2 protein chains.
Amino acid sequence: MAARPTMKDVAKTAGVSLMTVSRVVAGEAGVAPQTAARVEEAIRALGYQRNDIARNLRRKAQDSRTIGLVVDDLANPFFSALARSVEDEAYRRGFLVLVGSTNDDPRRERDVVSAFSARQVDGLVLVPTGGNRAFFRAQMARGVKVVCVDRPATGLDVDCIAVDNRAGTATAIRHLLNHGHTRIAYLGDRQEIWTQHERFVGYTEAMTAAGLEVDSLLIRHGLRGHREAAAAVADMMAGPNPPTAFFSGNDLVTLGAVEAGASRRFALVGFDDFVLADKLDPPISVVSQDPAALGRTAAQLLFGRIDGDDAAPRSVVLATRFIDRGSGGMAVPPAGGVG
Amino acid sequence: MAARPTMKDVAKTAGVSLMTVSRVVAGEAGVAPQTAARVEEAIRALGYQRNDIARNLRRKAQDSRTIGLVVDDLANPFFSALARSVEDEAYRRGFLVLVGSTNDDPRRERDVVSAFSARQVDGLVLVPTGGNRAFFRAQMARGVKVVCVDRPATGLDVDCIAVDNRAGTATAIRHLLNHGHTRIAYLGDRQEIWTQHERFVGYTEAMTAAGLEVDSLLIRHGLRGHREAAAAVADMMAGPNPPTAFFSGNDLVTLGAVEAGASRRFALVGFDDFVLADKLDPPISVVSQDPAALGRTAAQLLFGRIDGDDAAPRSVVLATRFIDRGSGGMAVPPAGGVG
DNA sequence: ATCACGGATGGTAACGTTAACCAGCTGAAC
DNA sequence: GTTCAGCTGGTTAACGTTACCATCCGTGAT
């Protein structure tokens, strides 16, 4: 409860001026060793710690050594892995990280980013919701550097790190086609989420390229979480002429499909790798991406910007990796099709 | 790049004094509606946003509306679920959250907490490494409120939220005993981690209570991550007189055991529930705890402290839940023991 | 003895905001 | 017409730090 000691207190105790204390604390040259020792001693005695709020205010020209990290949901393994690698990069550079989850809600995104910006963050690693275009433009005009991860910010001229969602999905679909599947269902989260849209386009393109029509009865968007996904699968399987294979647009949806299809009734390939995918029966084939690499790259790009890199916005596309574990070959229909 | 507008700029544009702007921005009464409107207009025109760094400096008596969250590893699903619920509570109250991972390294913990404290956080939700006792005492003397989660801070008089690790473990061990197992191996992370120690004690007590000797060949501490755990299992199973059952001290170790025992060669019960545990073959029985509840409770307690609650430190113990999925009944030895 | 110089230290003003007063103005009551 | 209350708005001084400049002292050259 005792008021925190300030440089003034330290100065009084050490019998020197405020400025000398400031110099010692900042590790600047130009202080005699004995004087410095006396100051250090006073600092220890009082338990003094610099107030970085005051410091940041005074030297506002410099950066505040704080960044903001805004993701969809911190509890999601994909985003938490990403967050950890952003935090590691920040720690290496002596930066602090403010975090916020948006829940894919533009209003909460706005709240969070606004609060971060009021705290004078130097930059943001952002998984954008898709809203708040004008708002972000205003933030960037104020000097806040922004780097998008996982999804680009539509209509915003910023750096972006993401994977090639279309190509990754197309590979997965071709894998299913090669196993003889033609009735391949698509399960995805809300189409407004850029990654989901891209993956759906990849699905459509791969199907069309194979000369197949996309059956709208086999398409489900807007699946939030595994429960809804499981229900969608059960629903489709109960209908007439069910699919023989499913493509799932993210890890949670894949989980739902696994729950619904524990009895090997259909083939399944999902986007995003997940823990124990290889230990299931059958092991699940996936399109895998590396969230830690995404986070690391994003952070590095952001710190480059903070250090003054003002080249044109970059767009980094990382590759996905298809991991064939066998689940694409289940329940292959007899040759000849359904005619 | 343009310098951020300040209240001064807004005042000039609106043709009022600085104080009037401050009052409008803070939403204080005592400003005529028309004047306020003029100020609002200027704010919009300039894109003004309050500088909370300056604000916090001036009103240091009040709190800075920022808390720090320090966990072992943000990428670990357990901690990320906890983090998300802490963040939700903070968001509801208009607080910001700084995060840091310690990697169970007291030095990094110290770095991170020190930086948070220099930023004048009002409180900390902390998963303590076990080191830095004196350091934390100093921080708390400065007025930083601390609440520990998952593990108590030994020798520190602070609030703590954790589960009953001994009782949870004992339940698991008794479950295995009831299935006829007597050679039950213990696999855990570093014993210096409080939870691991507690779980080991629970194991020992349950074994002794059943009149069984604890065979040191069946004990492995210090397993960091699933890979080491899998190797430990393989090693034990290859030895003479292998165990018929394993208890694993955390989720990652359980994962390793699953990897090593995919072929149902032994019984297994683990601490911490995990995604897909029920979809494995066999489904894995676990002692489950609720990380979101831990985080929520910790945050609520912390905000209570920040709001002035200065009652004696509380210790909240949440119950664990044993989920029997069948993996405890595998490979039951023939009655009569090993003689 | 004087001067220039460099290293050490101190004084002062700012950073952007708010707390605590204080000064006008209006209008109503006497 | 004076007074006082009530409201609006302004002035000043902080918060804890650092940028900038001034001062002081000892040394060596002239």
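Chain A is the first sequence line, chain B the second, and so forth, proteins listed ahead of strands; every chain is numbered from 1. Computed from a predicted model, the values in this text were never measured in an experiment.
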For Lys12(A) and dG16(D), give me the distance from atom NZ to atom P, rounded to whole Å. 12 Å

Scan side-chain atoms only and decide if Arg133(A) and Thr154(A) contain a donor-acceptor pair under the 3.5 Å cut-off. yes

Heavy atoms of other groups near Arg190(B) CZ, more than 12 under 6.0 Å: yes

Answer whether the closest heavy-atom distance between the side chains of Leu126(B) and Phe136(B) falls below 4.5 Å. yes

Heavy-atom nearest pair, Ala42(B) first then Ala14(B), reads CB-CB, 3.8 Å

Think Arg55(A) has a side-chain N or O under 4.0 angstrom from the OP1 or OP2 of dT18(D)? yes

Whole angstroms only, please: what is the CG-C1' distance between Asn51(A) and dC15(D)? 9 Å

Cation-pi, Tyr48(A) ring and Arg4(A) (6.0 angstrom, 45 degrees): no

Between Asp88(A) and Arg84(A), is the closest basic N to carboxylate O distance under 4.0 Å? yes

Length of the CD1-P vector between Ile53(A) and dG16(C), whole Å: 15 Å

List, with names and distances, any nitrogen or oxygen atoms from the protein found under 3.5 Å away from nitrogen or oxygen atoms belonging to nucleotides 12-14 of chain D.
from: dA14(D); atom 1: N3; to: Arg58(B); atom 2: NE; distance (Å): 2.7

Take atom CD of Glu28(B) and atom C1' of dT8(D), then tell me their distance rounded to the nearest Å. 13 Å

Can you check whether Ala299(B)'s main-chain N or O pairs, donor with acceptor, with Glu89(B)'s side chain at less than 3.5 Å? no

Between P on dC20(D) and CZ on Arg59(A), what's the gap in Å once rounded to a whole number? 12 Å

For Asn132(B) and Arg137(B), does a side-chain donor sit closer than 3.5 Å to a side-chain acceptor? no

Rounded to the Å, how far apart are Arg4(A) CZ and dG16(D) C1'? 12 Å

Quick one: Gln49(A) CD to dG16(D) C1', roughly how many Å, whole number? 13 Å

Judged by modelled atom types alone, do Ser64(A) and Gln120(A) share a side-chain donor-acceptor pair under 3.5 Å? no

Rounded interatomic separation in angstrom, taking CG from Leu57(B) and P from dT18(D): 12 Å

To the nearest 10°, give me the bend of the helix from dA1(C)-dT30(D) to dC30(C)-dG1(D), comparing the axes of its five terminal pairs at either end. 70°

Are there any protein N/O atoms within less than 3.5 Å of an N/O atom in nucleotides 5-9 of chain C, and if so, which ones and at what distance?
from: dT9(C); atom 1: OP1; to: Thr35(A); atom 2: OG1; distance (Å): 2.6
from: dT9(C); atom 1: OP2; to: Ala32(A); atom 2: N; distance (Å): 2.8
from: dT9(C); atom 1: OP2; to: Thr35(A); atom 2: OG1; distance (Å): 3.4

Cationic N near anionic O, under 4.0 Å, Arg224(B) to Glu192(B): no

Please compare Ala54(B) and Ala26(A) by the position of their nearest nucleotide in DNA chain D and report the one closer to 5'. Ala54(B)

One should read off an interatomic distance between Thr66(B) OG1 and Asp63(B) CG, to the nearest 0.5 angstrom, of 9.0 Å

